[in-house]
There are 2 protein chains.
Amino acid sequence: MYVPKKESNGSKELYDKVKEYMLRELIGTDNKITEEMLATRFQVSRTPIREVLKHLEHEGLIETRRNKGITFRSFSPEEVAEVYDVRSVLEGYAARLAAGEASDESIDELAGYMERYTAARADGDTQQAALIDSVFHEKLLELCGNTYLSDMAKNIRMVNKSLLLKDYYFSFHGDVNPYNHAMIVEALRNRDPQKAQRMVQKHINWSKKTILKILKD
Amino acid sequence: MYVPKKESNGSKELYDKVKEYMLRELIGTDNKITEEMLATRFQVSRTPIREVLKHLEHEGLIETRRNKGITFRSFSPEEVAEVYDVRSVLEGYAARLAAGEASDESIDELAGYMERYTAARADGDTQQAALIDSVFHEKLLELCGNTYLSDMAKNIRMVNKSLLLKDYYFSFHGDVNPYNHAMIVEALRNRDPQKAQRMVQKHINWSKKTILKILKD
DNA sequence: ACAGGGTAATATGTATACAATTACTATTAT
DNA sequence: ATAATAGTAATTGTATACATATTACCCTGT
């Protein structure tokens, strides 16, 4: 798990830029990715690029095979299921903690994202909805009061999401998750840790099943 | 989380060697650690050393600050508590899965480590006991059937253990964990997921409290 | 036309040279 | 004697050159 330091090295910004570039423009395409290409694009030598790539590989986002270029890591359906199960456990636990830790104000803020999400879906803007969905879940993680936990869970979300990018967006065209954000927020408002945990876990497990159905085709 | 690949680069072996060296000979001492020193020791240039160090930093084992050398990452008592809580959740969940997934033979194997652990403690060989304790918990993790989970949990164990090394061994001189391996094994034998999870969580929470008591002094 | 081999092109792995930043030390002024 | 400062040493960050390994393609022989 990579936790960017405040007083970090100069390569921190490069890490962000390269990561964003790869996630925004390279993922899903057939473009071949090489160190040299990234180096020239960002006007640095291969050395710092390699360091960034090592980080991304460590996070589980990419794979490098000697002389074969860089590829986004591919997960089998079984591995996807594994990742979802871990997410479910960690985010569920975070929600449980949040029910006791979060301030009323931060729960209200979370509810704001919930409403924006619903609005985006109503508008049919699935891309915006997916973005807000991410923010909702990350904000929720931050409410748990355990930064080690939230950093780790965020990283898993990032990898999980990027790996399933196409399918992820596609899933929005299907059924609506019956265990929705409103239920999670309600459990938090009621200060009901058990229910908050259960709702998040059901929420994620539903996504898992939906994704797996798509992947199995 | 770093998961060494089979068909990996040549730096994989170097990673293992450097890590073992640092954990065995450098941790706990005041020796200054520099890239150059590691490079000359392992007869390679700084380049592959830096890659290894990036991995170790990413895992949370070390910290690097420009021109100040490499230091083992230090955790505040609050952060230690956070890590233990995450461990408790992940390993508890793994135990729950293991109660359903593990074969009778593998549970017997686990019981073997339990007995060896008890014997080592009876002999007063705390170092050996700590080693077997580690193996017990790692084997348990492997029984859950979710390699993503077990790899992640193992990494946390490694970091957790190394960071507390002195205190860790020291804790063996104190009270004995009342939620012991035997109870965990029994729950697995009874195929009782709930109890297996609960026992592991209590086991780890007890360690957390014991460590924190020591750290607070 | 096709199989096979060998060579060139390509890409990563590693070493070395250099730049930049921090730490240390000695010297000088007050 | 102490504090400020400049200059030097030490250490990491980056660029470049070279080594190694893989791929691609052409060329040749049947």
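Proteins get letters first, then strands, A, B, ... in listed order; numbering begins at 1 in each. In this text, all values refer to a predicted model and were calculated from it rather than measured experimentally.
Taking 4.0 angstrom as the limit, B/R50 places a side-chain polar atom (N or O) nearer than this to OP1 or OP2 of D/dG13. Residue B/K32 places no side-chain N or O under 4.0 Å from the OP1 or OP2 atom of D/dA10. When the side-chain nitrogen and oxygen atoms of B/K68 are compared with OP1 and OP2 of D/dT11, none of them lie within a distance under 4.0 Å.
A salt bridge links B/R50 and A/E51; the closest N-O separation between the charged side-chain nitrogens and carboxylate oxygens is under 4.0 Å. Taking a cutoff of 4.0 Å between a charged side-chain nitrogen and a carboxylate oxygen, A/R157 and A/E138 do not qualify as a salt bridge.
Positionally, the nearest nucleotide of DNA chain D for B/G69 lies more toward the 5' end than for the other of A/S45 and B/G69.
As a whole-Å value, the separation of A/I70 CD1 from C/dA11 P is 10 Å. Distance B/E36 CD to C/dA23 P: 19 Å, rounded to the nearest Å. In this structure, CZ of A/R65 is placed 20 Å from P of C/dT10, rounded to the nearest angstrom. Remark: C1' of D/dA10 and CZ of B/R66 are 13 Å apart, rounded to the nearest angstrom. Rounded to a whole Å, the CZ atom of B/F42 is 15 Å from the P atom of C/dT14. The interatomic distance linking B/K12 (NZ) with C/dT12 (P) rounds to 22 Å, in whole Å. Atom pair B/R46:CZ and D/dT16:C1' shows a separation of 14 Å (rounding to whole Å applied). Remark: P of D/dA10 and CE of B/M37 are 16 Å apart, rounded to the nearest angstrom.
Residues B/E57 and B/L61 are not in side-chain contact: their nearest non-hydrogen atoms beyond the backbone lie 4.5 Å or more apart. Inter-residue side-chain proximity for A/L149 and B/E82 is flagged as unmet; no heavy-atom pair is nearer than 4.5 Å.
Minimum atom distance to the side chain of B/E35 is reached by D/dT12, of the listed C/dT12, C/dA15, D/dT12. Taking the side chain of B/T34 as heavy atoms from C-beta on, and the options D/dG13, D/dT11, D/dT14, the nearest nucleotide is D/dT11.
Side-chain atoms of B/N67 come within donor-acceptor range of the base of C/dT21, with a qualifying N/O pair under 3.5 Å. Evaluation of atom-type donor-acceptor distances gives a pair under 3.5 Å for the side chain of B/T47 against the base of C/dA15.
There is a side-chain donor-acceptor pair under 3.5 Å between B/S103 and B/S106.
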